[in-house]
Amino acid sequence: MDKKKIIVGLSGGVDSAIAAYLLKKQGYEVTGAFMRNWDAIANNDISGNPTLDEPMCPQEQDYEDAKKVADQLEIPLLRVDFIKEYWDNVFMYFLDEYKKGRTPNPDIFCNKYIKFEAFLNWAKAQGFDQIATGHYAKRVDKDGMTYLYKSFDQNKDQTYFLSQLNQSQLSASIFPLGDIDKHEVRAIANELNLAVASKKDSTGVCFIGERHFKEFLFNYLPMKKGPIVDINTDKKIATHDGVFYYTIGQRKGLGIGGLKDYPDAKSWYVCKKDVKQNILYVANDENDEHLLADSALISDVNFNAIRPENGQQIYAKFRYRQKDLGVKIFLIDENSVRLEFDQPYKAITPGQAAVFYDDNVCLGGGIIQEVYYKNRKIN
RNA sequence: UGGGGCAUAGCCAAGCGGUAAGGCAACAGACUUUGACUCUGUCAUCUCCCUAGUUCGAAUCUAGGUGCCCCAG
């Protein structure tokens, strides 16, 4: 039997490097691919971009690192761009959501449309059997289905970002890091003497990078000042730069401090956005009732493998790196569900992903559409 | 132009003669492949509106300015 031909997305980081190494060790015929999906200059990513003035743009630096890794592992490295696809399928969506006053999660769409669609299709066309990535996630084949499980390293688990993948995407993918933790990844990289063994984990929007977020959005969304209103008194207490720059539960960046009428003032938190009237509502207590929700309507629902039962008790994650929270799931139709929370949860934000779990099984996920508290829609 | 009150960091605010609390904001770092939250750290030193004085020593007392507020006109 021929060796399976695998192409690994090499980002220039340590995770994908070790993913490639493990596959090679397992006997696959491994090729690396470096993807570039964001052109800062062409995409007008100017304000809030800390790396504009650097002699080598960060993607080229990452490419150099990926090249070093490929050379050390003795695998070929291909290069491919999906700049247009990224702009059309991820970034436009991202901006549209912001314009609606919601808080999108671009990386979930990046996986759905770029890494596991554009890239996957490209790889197949190049004659590869499967693609692999350095995601911390586990693929489990059982009963003729391909399931997505949380990674062994619970702290790094990235199934949240993979929740929109379907059967054909999952079955064409390999996640070599599913059974080891980050320390081990670093340790292997050190043993191999990899150039990127100690490279800092990358953060920020995938393929774009770290940005001063509000300034980054200034590039694409016009500033539009309006009132910040105390939701408990309905009084204007400050001015904002445009409701879409803020997200529910946000504390930093409001610039509200030391108000005469609030001698015991604590920190202020965003609890509601009125896009139409351009009003930002805030509450003066991190435990304010206006931050709570007890049920939500989830749209764009995808189940990775099987559909849960109607009314089943499961867990949901409403933000990456947030604890799994107990919910009951009610199936409404093919693409939407309603979640009833075991108890009120804080800062549930429309536009963000709700990802469903049954213990370690990632069932799938969707986009938070409407949020309710005590049967009243609060967004 | 009579009386009273107040002037402390970006904002709110302690201090009442002994060598500038605290909170919010901001900034930095940690955490993090969204965006938040969270945690840690920094943040008044010819300084407490200005000037002069009393005192060993004043943000704190005195006098005079300046500005703002309230009451009465």
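To find a chain, count down the sequence lines: A is the first, B the second, and so on, and within it residues start at 1. Computed from a predicted model, the values in this text were never measured in an experiment. We use all heavy atoms of the structure for the numbers below, so side chains are in, but hydrogens, waters and symmetry mates are not.
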Would [X] and [Y] pass as an ion pair if we require N to O under 4.0 Å?
X      : Y      : result
A:D71  : A:K68  : no
A:K235 : A:D230 : no
A:E97  : A:R102 : yes
A:K156 : A:D181 : no

Under 4.0 Å between any heavy atoms, over every strand shown, what does A:Q322 touch: base, sugar-phosphate, or nothing? Just pick one.
nothing
Taking any strand in view, what nucleotide pairs with [N] in a Watson-Crick or G-U wobble way, both distances under 3.5 Å?
N     : answer
B:A21 : none
B:U42 : B:A26
B:U1  : none
B:A63 : B:U51
B:U8  : B:G15
B:G73 : none
B:A36 : none

Which letters describe nucleotides 25-32 of chain B, given B = protein heavy atom under 4.0 Å from base, S = only from sugar-phosphate, - = neither?
SS----SB
Aromatic rings A:W87 and A:F91: how do their planes relate, parallel, tilted or perpendicular, breaks at 30° and 60°?
tilted
Expressed in angstrom and rounded to an integer, what is the separation of [X] atom [atom1] from [N] atom [atom2]?
X      : N     : atom1 : atom2 : result
A:K260 : B:A13 : NZ    : C1'   : 9 Å
A:N105 : B:U34 : CG    : P     : 8 Å
A:Q164 : B:U34 : CD    : C1'   : 14 Å
A:L259 : B:G10 : CG    : C1'   : 13 Å
A:R102 : B:U34 : CZ    : C1'   : 14 Å
A:I368 : B:U34 : CD1   : P     : 16 Å
A:K317 : B:A36 : NZ    : C1'   : 15 Å
A:Y262 : B:G22 : OH    : P     : 25 Å

Report the residue from A:D15, A:D157, A:D153 that forms a side chain to side chain donor-acceptor pair (under 3.5 Å) with A:Y136.
A:D15
Establish, for the pair A:R79 and A:Y63, whether the NZ or CZ atom is under 6.0 angstrom from the six-membered ring centre and no further than 45 degrees off its axis.
yes
Whole-Å [atom1] distance, [N] and [M]:
N     : M     : atom1 : value
B:U54 : B:A63 : C1'   : 11 Å
B:C24 : B:G41 : P     : 13 Å
B:G64 : B:C27 : P     : 45 Å
B:G18 : B:A59 : C1'   : 12 Å
B:U38 : B:U45 : P     : 30 Å
B:C50 : B:A9  : P     : 11 Å
B:A72 : B:U66 : C1'   : 24 Å
B:A58 : B:C49 : C1'   : 16 Å

Return whichever of A:K346 or A:K115 has its heavy-atom-nearest nucleotide of RNA chain B closer to the 5' end.
A:K115
In this structure, would A:F318 and A:V371 fall into the same cluster of hydrophobic residues linked by side-chain contacts under 4.5 Å?
yes
Within residues 38-45 of chain A, the residues having a heavy atom closer than 4.0 Å to RNA chain B are none
From the list A:F218, A:F213, A:F216, A:Y98, ring-ring contact (aromatic ring centres under 6.0 Å, His included) partner of A:Y245 resolves to A:F218
Taking OP1 and OP2 of B:C24, is either one under 4.0 Å from a side-chain nitrogen or oxygen of A:Y269?
no
Beyond-backbone contact of A:Y357 with A:T159, side-chain heavy atoms, under 4.5 angstrom:
yes
Quick one: does A:R186's side chain have a donor or acceptor within less than 3.5 Å of a partner on A:A197's backbone?
yes
